[in-house]
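Note sheet for the following structure.
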Amino acid sequence: MDIVGVLVLLLVCVFTAADGWRGLSSASSPRVCVVGGGPAGFYTAQQLLKARQDALVDIYERLPVPFGLVRFGVAPDHPEVKNVINTFTQTAHHERCSFHGNVNVGRDVSVEELRQAYHAVVLSNGAEANRPMGIPGENLSGVFAAKDFVGWYNGIPANKELCPDLSCETAVILGQGNVALDVARILLSPLDMLKATDITQHALNALAGSGVRRVLIVGRRGPLQIACTIKELRELGNLPNTRPELLLGDLEGIEETLKDLPRPRKRLTELLLKAVNGGDNKAEKSWSFRFCRSPVEVLAGADGKRAAGIRLALNKLEGSGENVRAVPTDQLEDVNCGLIISSIGYKSILIDPAVPFDPRRSVVPNDMGRVQDAPGLYCSGWVKRGPTGVIATTMNDSFDTAHVILQDMESGLLDLSIKKPGAQAISGLLQTRGVRTVLFSEWEKINAEEERRGKPHGKPREKLLDVEEMLQIAWSSRIMDILTFLVLLLVCVFTAADGVRTVLFSEWEKINAEEERRGKPHGKPREKLLDVEEMLQIGWS
Amino acid sequence: MSSSLVRVLLHRAAVARVTLAPHQTLRKTSALSRCGSVLHRQIRGINTFTLPLRTEEKVTINFVNRDGKKISVTALTGNSILDVVVDQNLDFDGFGACEGTLACSTCHVILEEDVYKKLGSISDEEMDMLDLAYGLTDTSRLGCQVCLRKDLEGMLLRVPETVADARVDSQQESST
């Protein structure tokens with residue numbers, strides 16, 4: 001019986017594999033490559049694969065691991081947001097989609113080479129640099145870009161040795177967007193709220209010894225312009241043992257403006273007003289917004305090396321609503337703090353000099369995703385519209401770019417009669433350059449290893465931080481896989497011959513269903529079976 | 001040659017397994033966490049067996065897709081709108097990205113006013129997510145938070161458009 005099962009599985013495999021090969025060998029298929037394996041890349045690929053049954057899509061990613069900011073940006077205590085990974089994984093498993101990790105486009109292969117090999121190339125490489133504050137003292141120790149700080153607790157390999165000193169009492173975060181609030185929340189959260197997340201162990205250890213008790217979130221504009229979304233503000237307000245320490249004067253007169261605000265802004269402001277009056281006075285930690293202040297200089301301590309404070313200029317606001325401008329006055333204010341995190345935005349970088357780039361806005365100049373003066377070149381996500389918005393924004397934006405590509409295929413703007421070699425040509429190039437890619441199945445090995453390492457700590461995963469180690473696990477001997485398979489086969493044969501019959505997982509599911517059925521009348525999730533014989537009987541029924 | 005073949009087979013087997021998983025988990029989490037109370041009522045109903053007709057628990061709901069096309073489906077009470085979209089494989093692009101965990105607004109639907117009122121109060125957390133939805137209206141809800149009941153028979157749901165120019169781009173520097 002078990003052997004039959006294995007054979008059936010084999011047959012199924014052969015059929016699905018043959019199906020995949022058929023897909024790959026079709027001659028006139030449009031071949032598209034996506035640069036960047038984050039949400040923008042995956043959502044663009046998803047839409048292309050769905051809308052055109054003949055499209056072949058290859059995703060190139062610089063790191064050996066996929067998912068971009070879903071893995072490296074989304075806060076560890078927001079695991080729900082990471083559910084999008086399930087959809088991305090489905091896309092990666094699609095028979096007409098291939099993931100090629102560990103390929104640095106711009107260095108290992110040029111965009112021009114990709115354009116030669118594909119009918120269309122989509123730039124979805126996001127925004128990986130941070131906007132500098134451009135003030136004296138910015139490089140003192142104790143000053144971090146939010147991008148790096150987030151990368152440190154989220155496991156970006158390049159940030160693994162950040163080692164921020166968290167011994168000070170006051171931390172200042174510059175910027176009032178969601179990233180700023182994420183950082184504030186991570187700094188103030190009780191350890192219990194973080195230790196079962198996928199936060200890196202080194203960050204968890206550092207936070208365990210953190211002396212930070214007070215977090216000031218500084219914005220250049222007023223309370224009606226804060227850039228965070230309401231969910232993040234609510235979470236901050238709900239942190240245990242932490243109280244808001246807002247200045248009443250800052251919010252004066254705001255109540256009267258409420259009725260004219262659009263609903264999202266109105267609700268956000270109402271929550272802010274509620275925070276002023278709320279809070280547990282016995283709380284040991286606090287957070288606060290400081291409005292209408294721009295950083296002028298990071299002040300060094302006695303040693304001249306470490307940040308000991310920040311000088312802020314008080315701004316006056318000009319204009320109204322969302323378009324209010326902050327104009328600095330000559331009034332200054334010094335705030336003592338040992339940790340400064342600049343969260344004033346991400347920016348895209350130019351990955352290849354051949355790609356048009358708008359250095360002022362740090363985006364690829366485009367019209368609805370069509371890159372200016374570059375037929376066959378497209379863009380989606382942050383590199384297209386700048387680093388703003390939530391995942392749904394990037395999803396819609398990527399779907400839009402995919403639709404534009406599909407339109408261009410229909411209209412003949414993209415000439416599909418020219419046969420393009422696609423991944424075959426690029427793989428050849430990469431091979432000659434000594435670059436070995438990480439396939440999605442190889443990422444799955446890394447994934448399994450991360451999950452295995454997280455288990456003893458009750459974490460969903462312990463992220464690998466070292467690229468070399470990732471590669472080693474990804475490329476671990478293929479022979480081992482085959483051996484495992486053969487051993488499994490042998491075990492099946494032996495147990496069958498020996499008179500020992502195993503219970504397969506699908507058979508356990510029968511037991512599971514029966515237990516749930518029996519629990520139902522009692523309002524219980526399940527009524528556990530207590531008799532092994534009965535279990536076997538149901539399992540093998 | 002044979003070794004690579006085995007690898008491909010192994011990989012395909014993995015694919016076959018994984019592609020099934022998300023939908024299954026999706027169904028479970030959303031149905032249990034959001035529509036729990038309704039489920040319990042349903043279970044009690046089955047238990048008393050006063051009305052053996054299963055049709056008692058079926059409702060017909062009508063979607064109007066982004067392209068204006070009307071889709072009518074029959075679904076069981078106790079399921080959320082998101083459950084229905086997933087179970088019946090309705091092709092709404094990007095619907096339910098966070099799989100019913102109140103972490104996105106992609107299952108945004110627009111209801112008729114009377115149905116909206118009938119459904120009663122909305123949690124702050126749902127309102128927070130709706131605030132980020134494109135084309136927010138006064139009768140907007142998240143599909144993952146609306147549980148089907150018998151009295152919603154014939155309800156009409158509009159799946160809003162997500163065109164780029166309808167977007168209000170605030171200065172959110174967000175990854176979440």
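Numbered from 1 within each chain, the chains take letters A, B, ... in sequence-line order.
Note: T106(B) OG1 to I391(A) CD1 = 10.0 Å, rounded to the nearest 0.5 Å. Put simply, CG on L271(A) and CG on D128(B) are 7.5 Å apart, with the number rounded to the nearest 0.5 Å.
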* To do: Run the numbers on D93(B) and M395(A) for side-chain contact (heavy atoms from CB on, under 4.5 Å), then give the verdict.
  => CA-CA 10 Å; D93(B) 279 337; M395(A) 183 180 84; over 6 Å; no
* Asked: Checking side-chain contact (heavy atoms from CB on, under 4.5 Å) for the pair D91(B)/K50(A): CA distance, chi angles, key distance, verdict?
  -> CA-CA 10 Å; D91(B) 184 16; K50(A) 185 188 140 195; 2.7 Å; yes
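More than 12 heavy atoms of other residues, nucleotides or ligands sit less than 6.0 Å from atom NZ of K118(B). Within 6.0 Å of CZ in R325(A) there are 12 or fewer heavy atoms belonging to other residues, nucleotides or ligands. Around the CG atom of N238(A), the shell of radius 6.0 Å holds more than 12 heavy atoms that belong to other residues, nucleotides or ligands. Applying the 6.0 Å contact sphere to CG of D138(B) captures no more than 12 heavy atoms from other residues, nucleotides or ligands.
There is no contact between Q225(A) and chain B, counting heavy-atom distances below 4.5 Å. For chain B, the nearby part of Y43(A) is the side chain; its heavy atoms alone come within less than 4.5 Å.
A pairwise comparison of heavy atoms in V84(A) and A97(B) identifies CG1-O, 3.5 Å as the closest pair.
R263(A) places a side-chain heavy atom less than 4.5 Å from the side chain of L130(B). Under the 4.5 Å side-chain criterion, counting only non-hydrogen atoms from C-beta, M127(B) is in contact with R267(A). Residues D131(B) and T229(A) have side chains not in contact (no heavy-atom distance under 4.5 Å, counting atoms from C-beta outward). Between E99(B) and E80(A), every side-chain heavy-atom pair lies at or beyond the 4.5 Å cut-off.
Ranked by non-hydrogen atom pairs under 4.5 Å with chain B, the options R234(A), K82(A), K231(A) are led by R234(A). For the options N83(A), L181(A), I85(A), V70(A), heavy-atom pairs under 4.5 Å to chain B are most numerous at N83(A). Counting heavy-atom pairs closer than 4.5 Å to chain B, the top residue among P264(A), P262(A), A146(A) is P264(A).
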